[in-house]
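Values in this document were obtained by computation on a predicted structure and should not be read as measured data.
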Amino acid sequence: MKITITEPGEGEEDEIIVRCRHMDQQLLKLIYAVKAGREKITALQAGNYFQVAPEEIYYFEAVDNKVFLYLEKEVYETRMKLYELQEIFQGTDFFRASKSCIVNLSKVKRLRDVAFVFVCVTTCVLAVTALYITVFWQQAVLGVEILWQILGVSFLCSLVAGFYPQREIGKKALLCIYVCHYVLTNAIVLGCGIWFEWFYLDNLPMVLAMLLAIAAIFVFVSAVVWRRGKKQAERMNERLRLYQQENR
């Protein structure tokens with residue numbers, strides 16, 4: 001990304017111009033950071049005052065007429081009120097989750113992504129399992145342990161989603177990540193399938209059915225996640241458009 005800094009002429013207002021082909025999350029965060037200001041939050045701890053960067057804050061909480069801000073390992077108090085903080089961070093990743101709490105959504109985005117993928121994967125796996133049992137295990141008497149096995153495998157497969165880069169990357173790098181993800185997913189499912197005796201290696205139809213099921217679920221979930229990401233990007237662009245209109 002090219003950065004150009006020019007000095008405005010006499011009487012001209014300072015201005016920031018963003019030129020990009022696609023508005024990704026990193027650029028949007030940068031714009032919101034400029035909007036919120038570069039000033040840090042003044043916080044109090046053990047009688048001492050500190051300056052805390054907004055990006056380090058996980059959430060604000062009002063307790064007994066006091067407002068606290070929570071970092072990864074530290075807790076501070078601020079003299080500001082929640083409504084004042086809400087006004088300062090309006091349009092940013094800070095979200096008024098309740099009457100007494102403002103949450104930094106950027107800190108929980110990866111967790112939300114993993115949870116979303118987990119729900120999608122589990123739903124698909126349950127549907128495919130019902131079909132698989134109907135075809136290959138018609139006489140089987142299955143216990144509740146099969147459900148725990150499915151949840152465990154789905155969770156392991158979903159964890160990989162948390163390692164996808166949050167910034168925009170090239171097509172080759174993204175393709176490489178998808179291939180590695182697919183290979184890892186096959187290793188997890190096939191390895192657990194052998195361990196739990198979902199199929200037998202000497203039964204070719206079972207093996208092919210497992211491979212087909214993995215491919216189908218992977219493609220479907222990837223498409224759903226891609227569609228969700230596209231909608232999020234559209235919402236970010238709309239927020240940027242509204243922001244530009246407000247500041248004209």
Can you get from L190 to F155 by hopping between Ile, Leu, Val, Met, Phe, Trp and Tyr side chains that sit under 4.5 Å apart?
yes
State plainly whether one hydrophobic cluster holds both F136 and L204, where clusters connect Ile, Leu, Val, Met, Phe, Trp and Tyr through side-chain heavy atoms under 4.5 angstrom apart.
no
Quick one: do L184 and F218 end up in the same hydrophobic cluster if we chain Ile, Leu, Val, Met, Phe, Trp and Tyr together by side-chain heavy atoms under 4.5 Å apart?
yes
For the residue pair V67 and M80, what are the closest heavy atoms and their distance?
CG2-O, 3.3 Å
W198-Q149 side chain donor-acceptor pair, cut-off 3.5 Å
yes
Looking only at non-hydrogen atoms, find the nearest pair between V189 and C157 and report the distance.
CG2-SG, 3.8 Å
Can V219 be reached from W226 by stepping across I, L, V, M, F, W or Y side chains whose heavy atoms are under 4.5 Å apart?
no
Set out, in order, the CA-CA distance, both residues' side-chain angles and the distance that settles side chain to side chain contact (heavy atoms under 4.5 Å, CB included) for V75 and L69, then state yes or no.
CA-CA 6 Å; V75 179; L69 51 97; over 6 Å; no
Does the side chain of Q45 pick up a donor-acceptor pair with the side chain of E74 at under 3.5 Å?
yes
Cluster overlap V225 with V119, hydrophobic side-chain contacts below 4.5 Å
no
Nearest 0.5 Å, what's the OG1-CZ distance between T42 and F50?
12.0 Å
Within this structure, what is the CG-OG distance for the pair L151 and S158, rounded to the nearest 0.5 Å?
10.0 Å
Atom pair CD/OH of E72 and Y58 - distance to nearest 0.5 Å
4.0 Å
Is any side-chain heavy atom of V153 closer than 4.5 Å to a side-chain heavy atom of V125?
no
Of the non-hydrogen atoms in C124 and F220, which two are nearest, and what is the gap between them?
SG-CD2, 3.4 Å
What is the distance from atom CZ of F118 to atom CG of D113, rounded to the nearest 0.5 Å?
15.0 Å
Could you give the distance from CZ (R96) to SG (C101), rounded to the nearest 0.5 Å?
9.0 Å
Nearest heavy atoms of F89 and I41, plus distance in Å
CZ-CD1, 4.0 Å
Main chain of Y182, side chain of N186: is a donor-acceptor contact present, judged purely on distance under 3.5 Å?
yes
Please report the interatomic distance CZ(F68) to CD(E61), rounded to the nearest 0.5 Å.
8.5 Å
Under a side-chain separation threshold of 4.5 Å, the hydrophobic residues clustered together with L44 are Y49
Between E197 and W137, which heavy-atom pair has the shortest distance, and what is it?
O-CZ2, 4.0 Å
With distance as the sole test, does N104 use its side chain to make a donor-acceptor pair with the main-chain N or O of I57 at under 3.5 Å?
yes
Is there a donor-acceptor contact under 3.5 Å from the side chain of R227 to the main chain of K230?
no
For M210 and F199, work out which heavy atoms get closest and say how close.
CG-CD2, 3.7 Å
May I ask you to decide if the ring planes of Y59 and Y70 are parallel, tilted or perpendicular, using 30° and 60° as cut-offs?
parallel
Does L82 offer a backbone N or O that forms a donor-acceptor pair with the side chain of Q86 under 3.5 Å?
no
